[in-house]
Number of protein chains: 2
Amino acid sequence: MIKKEKTRRAPTESDVAKLAGVSQSAVSRAFTPGASVAKATREKILHAAQSIGYQPNLLARSLATRRSNIIALAIGNLENPFYAMVVKELSEQLAETGRHILLFTTPKGDEADPALERALSYQVDALVMAASMASIELTMQCQKAGVPIVQINRETKLPGISTVWGENQRAGELVAAFLYKAGHKKYAFVAGTKNSSISQMRQNGFETYLKSAGIKKIKTVYGDYTFEAASIAARSLLSAKNPPDAIFCASDYMAFAVIDVATREFGLNVPKDISVIGVDNVPEAGHSAYDLTTFSQPAGSLVEEAINIIDKMIADPGRRAIRCEVAGELIVRGSAKEPKDGFINNVDNKIWLE
Amino acid sequence: MIKKEKTRRAPTESDVAKLAGVSQSAVSRAFTPGASVAKATREKILHAAQSIGYQPNLLARSLATRRSNIIALAIGNLENPFYAMVVKELSEQLAETGRHILLFTTPKGDEADPALERALSYQVDALVMAASMASIELTMQCQKAGVPIVQINRETKLPGISTVWGENQRAGELVAAFLYKAGHKKYAFVAGTKNSSISQMRQNGFETYLKSAGIKKIKTVYGDYTFEAASIAARSLLSAKNPPDAIFCASDYMAFAVIDVATREFGLNVPKDISVIGVDNVPEAGHSAYDLTTFSQPAGSLVEEAINIIDKMIADPGRRAIRCEVAGELIVRGSAKEPKDGFINNVDNKIWLE
DNA sequence: ATAACTATTGCATACGCATGCAAAAAGCAG
DNA sequence: CTGCTTTTTGCATGCGTATGCAATAGTTAT
C-alpha cells in the first residue's frame, strides 16, 4: 500500500505559539532581533519551532514590515562575462546582509520597463540596472514609490538616478597614451552602442589624447557590445584601404571578437601586425588564448559601491542621487605592443601629454 | 523653497475602490482574469486604477493565493558561460508566463543549503538547481513543503528530485569514436569534480568506447569545472613522460584552460600536436580563438524541459520525480583532428565499434 | 406581472507576521 | 510587605489581496 505523504501546510507562528504555550506575538518577537522577550521564553519558543520545523514566511514578513529584502536586478547582455561577474558579485555581496536578487533579464536593446514595472509590484527595496535602461516614466514611478535606482556602468541625463561607473575618460586616455608611445599611427575605436555614454566617454578620452598628440584620423565603428556586431565592425575596419594598426574596444568582449576576426580572417598577428586593447578585464582576458591588454573595471568594487548607495538611499529616502567613480588600471598583457621606454600606469592625466 | 515630494504610500485596491465607488473586492476581481465582474464595472475600475497609478502588490497577492510566481535558482559557477546561459534562458522563458527568478549563488563547492532554506522561506513555487547541490534534509524539507526541485545537469541518488540532463554517455562515446577514428593513441580525460556523476557518465562513455576498441590506458585528472584547476590538471597531464595527444574535457570551459596551457606553456599546436574536445558548446567555443570541437548541450532546451517539469509537478504535487534527457550533437570545429573517412554524427551507438 | 434564474456585488474573513498599547509580572528600594 | 520602576506578555489591529457566501440587481420565461 502506498503511503501518501500529504503536503501539509507549513507551520506558522501560531502553531509554534500553541506548542510553546505562548501567544503568536511572542513567537514573532522571538524571531525579531531587537525585540523584547525573556531569554527563557525565547529559548522555549526556538525549541518548539525547531521541533516542528517552523520557518518564517518571508512574504508575510515583508508585507507587514514593508521591507522585502529583495533587490531587483535588471540586466542585459548576460553573455558578456563582465555582467555575469556583476550578477555573481551582487548576489554574493547582498547575501551577506540577507538580501537577494530578483532577476530581470532585458532582451537586447529593449528598454527594461515592462519587466521593471513587475519588479516594483514585488515591492523590491531597490533596483539595480546593468546594461539596461529605464524610461523617464518608470524612473519617476520609482521615485514616487521611494524605490532607489542605481545604475551600474551607465550614464543617463535623468536626475534622481544614482550611478556607479569606472574611469571611462581616463581609460581612453591611458590606452591612447599606451598605444601612441608604442609607436602606432593608425587608430580605430570600436564603440558600444550609439547612445552609450560610457562608450562615448571612453572614446572621448581616447580621441582627446590622440588629437592633442597630433593624430587627426580616428575611425569609429559600432560593435553594439555584442560579439557578432563587433565582428562585423572589425571586418569593415580591417578590409578598408588603409586599415588601423591599433584598435581600442569599448569592452573586452568586443575586443575578443576583433582579435578573432583579425587573426582568423585577415591572418594578422596580434600584437605584431595589430594591437588590440579592451576595457573590463574579464577573466577571459587573462586566458592565454586572448592575453588581452585591457583597462580594468573591477566588478566587485562597482557592486560594493552600488550597495553602499542603496543603503544610503534607503536610510535617507529624501536624499539626492549619488554618483560614484571606481578606479581601474591598465592591465598590460600581450595583445598590444608596449612602449619601449616603459609606461607608468598610475599617473596624472596630464603627464603623458608632454 | 524646496518642495518636498513626500514618499507617499503606494495606492491600494481600497484606494481604487473608493475612487471608483465600488468595494475592494470588486477591484480585486477586476484584476483577476477569470473573476465575475460586469464589463462596465471592470472598465470603471481599470480607469480609476490607471488614474492614480495603482499597481497590484504581488507580495500580498502571493500571501493570499499561496502562489508567489517566484522560482528559486541556485547556481554555482556563474563564471562558466554555460551557466550564464542557463540563467538567461531560464529568466527569459519564465518571464513568458509572468514568473521570475530569485537568485541564489552558491559559493564554489559549498552546498546550497543555507541559501535554499531562505528560498523556501520566500515561498518560492519551485527550485531549480544548476551546478550546486542540496542535502537530503533540505530535499525532504522541500518535499514536505510541496516545492518541486529540478536539477539541471546534475544527477543524484536522492529520490524525488527531478532532473534534466544532456546525453552524457553518448557524448563520451561519440567523442571517443571521433578521436579514435582520427588516429589518436594516447588519451586523457579531464573530469569535473570527483563526485560529479555527469562527469562520470561522460567518462564512462569515453572509456567504454575506447576500451572496446582496445585502448587500455586512459589517464584521468580532475579539473573541478574551474579554469584554474583545469589548468593545473593540464600541466600535470602534459608534463608527464608520455603525454596524451587527445584530451576530452568534461566542459568547454575546462577545455579552454587545457588549450591555453598546451599552446602557451607547452608550445603545442592544436590540433596538430594535440586534439582537445569539450562538452557544452558555449558561445566562446565558436570563437576562432578556441574554435573548439565539442559535444553540445543546448541550454535553451534543458531549461525548457526543466520548466515543463516544474509545471507538471505543480499541477500534480503527488507525482513522482521526472527525469529527462535532452539530445545534443557533436559540433566539429578545429580543435581536434578529424577522421579521414568522414564521421557520421547522428548514428546509433554501436555502429562505430565495428 | 410574477416566478425562477443568473450575473454582480459587498461583507466578512483569511493569508502569516509585526507592533503599539495596556495589562501582568518581575525586580527593587525603602 | 508596600509602592514604584522595568521587563515581559498578550490583545488587537494592520499590511494588501483573494474568495466563500449571502444579498442584490438584472434577465428571461411563463
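Remember, it's a predicted structure, so these values are computed and weren't measured experimentally. The sequence lines fix the lettering, A, B, ..., with proteins before strands; numbering per chain opens at 1.
- Checking D:dG16, C:dA12, C:dT19 against every side-chain atom of B:Q24, the shortest atom distance belongs to C:dA12.
- Between A:R9 and C:dG16 there is a side-chain N or O to OP1 or OP2 distance below 4.0 Å.
- Counting to the nearest Å, the C1' atom of D:dT13 and the CG atom of A:L63 are 13 Å from each other.
- Between the B:T139 side chain and the B:S135 main chain, a donor and an acceptor come within less than 3.5 Å of each other.
- Looking at the side chain of A:T65, the nearest of the listed nucleotides D:dG14, D:dT17, C:dT19 is C:dT19.
- In terms of phosphate contacts, B:S23 brings a side-chain nitrogen or oxygen within less than 4.0 Å of OP1 or OP2 of C:dG10.
- Between the side chain of B:E13 and the base of D:dA18, no donor-acceptor pair of N or O atoms lies under 3.5 Å.
- Put simply, A:R67 has no side-chain N or O that comes within less than 4.0 Å of OP1 or OP2 on D:dC15.
- Between A:R99 and A:D311 there is a salt bridge, since a side-chain N of the basic residue sits under 4.0 Å from a carboxylate O of the acidic one.
- Contact of A:R29 with D:dG10 (side chain to base): a donor-acceptor pair of N or O atoms is detected under 3.5 Å.
- Counted by atom type alone, B:T193 and B:Y225 present zero donor-acceptor pairs between their side chains at under 3.5 Å.
- Between B:G21 and B:A60, the one whose closest nucleotide on DNA chain C sits nearer the 5' end is B:G21.
- Taking only side-chain atoms of A:T41, from C-beta outward, the nucleotide of D:dT8, C:dA18, D:dT19 with the closest atom is D:dT8.
- Using a 4.0 Å heavy-atom cutoff across all strands shown, B:S36 reaches at least one base atom of the nucleic acid.
- Between B:H100 and A:F104, the ring planes lie tilted relative to each other; the angle falls in the 30° to 60° range.
- Nearest nucleotide to the side chain of A:T32, out of C:dA18, C:dC17, D:dG16: C:dA18.
- Minimum atom distance to the side chain of A:S25 is reached by D:dC11, of the listed C:dG16, D:dC11, C:dC17.
- If you measure from atom CZ of B:R66 to atom P of D:dT19, you get 11 Å, rounded to the nearest angstrom.
- As rounded to whole Å, 10 Å separates atom P of D:dC15 from atom CG of B:D15.
- Residue B:V22 is classed as a sugar-phosphate contact, given heavy-atom separations below 4.0 Å to backbone atoms only.
- The CD1-C1' distance, from B:I52 to D:dG16, rounds to 13 Å in whole Å.
- Phosphate contact (OP1/OP2 of C:dA18, side-chain N/O of A:R61, threshold under 4.0 Å): present.
- Within 4.0 Å (heavy atoms only), A:S28 reaches at least one base atom of the nucleic acid.
- The listed nucleotides are C:dT8, D:dG16, C:dC17; the one nearest the side chain of B:A38 is C:dT8.
- With hydrogens and angles ignored, no donor-acceptor pair under 3.5 angstrom links the side chain of A:S62 to the base of C:dC17.
- The two residues B:M313 and B:R320 make their nearest non-hydrogen contact at SD-O, 3.8 Å.
- Under the 3.5 Å distance criterion, with hydrogens and angles disregarded, a donor-acceptor pair is assigned to the side chains of A:S91 and B:T105.
- The A:A64 side chain lies nearest to D:dG14 when the options are D:dT19, D:dT8, D:dG14.
- Across the protein-nucleic acid pair, A:Q55 atom CD and C:dC17 atom P stand 11 Å apart, rounded to whole Å.
- The side chain of A:Y122 contributes no N or O atom lying less than 4.0 Å from OP1 or OP2 of D:dG16.
- We find that CG of B:L59 is positioned 14 Å from P of C:dC17, with the value rounded to whole Å.
- The distance from atom CG of A:N69 to atom P of C:dA18 is 12 Å, rounded to the nearest whole Å.
- Taking the six-membered ring for Trp, A:Y54 and A:F31 have ring centres closer than 6.0 Å.
- If you measure from atom CZ of B:F31 to atom P of D:dT19, you get 15 Å, rounded to the nearest angstrom.
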